[in-house]
Amino acid sequence: MAALAHVRAVPMTRVAAAAAIPPSRSSHVDHRVLLGLSEPELQQLAVDLGQQKYRGRQLHHLLYKTKATEIHEFSHLPQAFRDNLREAGWRVGRSPVHRAVAAADGTIKVLLKLEDNRLIETVGIPVEDDKGSVRLTACVSSQVGCPLRCSFCATGKGGFSRNLQRHEIVEQVLAIEELFKHRVTNVVFMGMGEPMLNLKSVLEAHRCLNKDVQIGQRMMTISTVGVPNTIRMLATHKLQSTLAVSLHAPNQKLRETIVPSAKSYPLDAIMDDCKDYFLQTGRRVTFEYTLLAGINDGKEHAKELAELLHGCGGGYHVNLIPFNPIEGSDYRRPYKKAVLAFSEALESRKITASVRQTRGLDASAACGQLRNDFQKRPLLESSKSEPQLSPALEQDLLHDDLMVLVRISIVLLGGGRRRTLP
Ligand code: SF4
């Protein structure tokens with residue numbers, strides 16, 4: 001353990017530089033947003049505005065239970081309090097749905113239009129278990145776009161705009177709950193962006209989703225492709241959530257061709273940090289491995305991956321994700337035979353692995369692609385001119401020809417069913 005306790009020195013290279021995004025792009029800071037505040041903070045706000053403390057509890061209920069989207073919907077509160085909130089510049093912090101599209105398997109991808117007219121994707125993934133109860137997973141974005149440009153990812157190809165604030169992460173979960181009219185049971189930070197490059201807001205949103213929206217820590221997963229020093233930083237918070245690390249290759253050389261940012265964070269340093277995460281939190285690390293036909297899906301790659309993981313000790317699980325093709329990519333989806341052979345090669349070496357289904361494959365887009373399509377179009381001048389989705393329109397959209405896609409490595413629906421490959 002002592003050997004693990006040192007913090008590995010990693011050169012300040014491209015990824016670390018990306019972590020130091022200039023303020024204008026790293027955050028669009030808005031301090032007068034109610035969503036994301038805790039109950040004690042809301043109580044203090046009520047007191048500061050001349051109200052009694054219990055008004056803060058009412059505010060908390062309105063935000064997280066009633067899910068009010070505007071201050072004028074706070075009908076339980078005195079008009080004077082509502083006026084004071086507005087006059088002081090407060091707002092709820094919810095964004096309109098710009099577009100919602102669904103795949104035949106029930107997965108729905110939503111585009112939210114933020115206050116600065118930028119679009120972010122969030123995905124709702126319903127899964128019915130053997131007993132008939134539905135788990136609803138929200139796959140949330142942590143950035144508008146992503147600066148890391150992984151070679152297989154549509155989000156990376158779409159460029160990077162800015163980090164999301166905590167309320168812009170929390171509101172994605174509430175939007176999914178409203179669309180499905182069902183409680184979100186699981187949250188995965190696997191949408192647009194690299195969560196570790198926006199760790200402060202991700203941790204604040206994680207706290208809010210846990211304490212205020214009441215989603216268990218164990219029902220949440222934070223994923224990363226690897227940003228130097230952040231896994232150790234996350235470990236110090238001792239969250240009971242799962243850490244998912246996207247490997248995609250069993251060795252450094254191949255990994256650098258798939259994940260360009262890997263150059264700044266050697267594989268052995270990542271594995272050391274994952275060991276440390278397990279020791280610090282007691283939570284096993286999940287390794288994501290996207291299978292790309294002819295690139296990283298050979299039995300020799302599986303053997304090498306098994307050796308790499310054996311060196312990591314225990315406390316891990318591998319999710320194999322057959323690549324979901326995206327426009328403009330030379331990568332191909334692996335054949336079923338190759339996927340099964342890879343999985344068996346791991347299991348024969350005592351590595352537990354699951355092959356994850358890729359939801360929404362019947363439709364046409366991949367992670368980040370829907371947003372890319374829409375963001376290329378001129379945006380409306382103001383979110384006020386954007387019509388809200390009426391229930392009828394929403395219904396139309398769900399049957400729209402554009403029906404989606406969603407690569408969403410649904411990965412994290414523990415116990416997910418094995419998919420049928422073509
Ligand atoms: S896979 Fe994740 S980290 Fe890589 S470019 Fe896409 S969103 Fe960014």
Side-chain angles (χ1 to χ4, degrees), residues 13-19 21 25-26 109 111 118-123 138-164 168-169 172 187-199 201-202 221-231 234 242-249 254-265 267 270 286-292 295-296 319-331 356 358-359 365-373 375 405-412:
T13 53
R14 217 158 14 141
V15 172
I21 298 159
R25 299 183 77 205
S26 65
K109 177 175 276 195
L111 287 180
R118 298 187 192 280
L119 298 176
I120 51 165
E121 291 179 358
T122 187
V123 183
C139 178
V140 299
S141 296
S142 52
Q143 297 182 303
V144 184
C146 182
L148 296 192
R149 298 184 175 275
C150 298
S151 58
F152 57 85
C153 173
T155 296
K157 290 183 192 305
F160 170 71
S161 299
R162 67 171 173 85
N163 282 338
L164 293 181
E168 293 169 328
I169 299 173
Q172 296 174 53
V187 174
V188 296
F189 290 80
M190 291 192 73
M192 297 166 67
E194 164 54 62
M196 297 297 197
L197 289 178
N198 187 17
L199 195 51
S201 295
V202 164
T221 296
I222 298 175
S223 91
T224 181
V225 80
V227 175
N229 300 320
T230 55
I231 293 176
L234 183 65
T242 301
L243 171 68
V245 175
S246 298
L247 284 183
H248 308 317
L254 180 57
R255 192 164 190 266
E256 285 181 18
T257 67
I258 299 170
V259 180
S261 60
K263 290 186 183 72
S264 65
Y265 196 8
L267 202 45
I270 292 185
T286 298
F287 291 108
E288 310 299 331
Y289 194 102
T290 298
L291 289 160
L292 306 163
I295 303 288
N296 65 358
N319 283 322
L320 298 173
I321 310 151
F323 175 62
N324 188 24
I326 60 167
E327 195 185 317
S329 171
D330 293 334
Y331 291 132
R356 295 305 187 188
T358 311
R359 296 290 294 265
C367 178
Q369 194 167 322
L370 182 68
R371 175 258 182 183
N372 288 355
D373 288 347
Q375 197 79 83
L405 102 304
V406 189
R407 165 204 85 152
I408 281 319
S409 347
I410 188 185
V411 203
L412 308 166

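Here, residue 1 is the first one in the sequence, and each next residue gets the next number. Just so you know, ligand 1 is whichever comes first in the structure, and atom 1 is the first atom listed for that ligand.
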Original post:
What residues form a side chain to side chain contact (heavy atoms under 4.5 Å, CB included) with Thr257, not counting sequence neighbours?
Top reply: Leu254
Subject >> Counterpart residues, side chain to side chain contact (heavy atoms under 4.5 Å, CB included), relative to Ala138 (two or more places apart) >> reply: Val140, Val173, Ile176, Val184
Original post:
Is atom 4 (Fe) of ligand 1 under 2.8 Å from any N, O or S atom of Cys150?
Top reply: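 Cys150 does place an N, O or S atom closer than 2.8 Å to atom 4 (Fe) of ligand 1.
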**OP:** Enumerate the atoms of ligand 1 whose separation from the nearest heavy atom of Gly193 is less than 4.0 angstrom.
**Re:** 7 (S)
Original post:
Can a donor-acceptor pair be found between the side chains of Thr224 and Glu194 at a distance below 3.5 Å?
Top reply: yes
**OP:** Assess Cys146: does it contribute an N, O or S atom lying under 2.8 Å from atom 6 (Fe) of ligand 1?
**Re:**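 Cys146 does not place any N, O or S atom closer than 2.8 Å to atom 6 (Fe) of ligand 1.
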Original post:
Do the non-hydrogen side-chain atoms of Val245 and Ile231 ever get within less than 4.5 Å of each other?
Top reply: yes
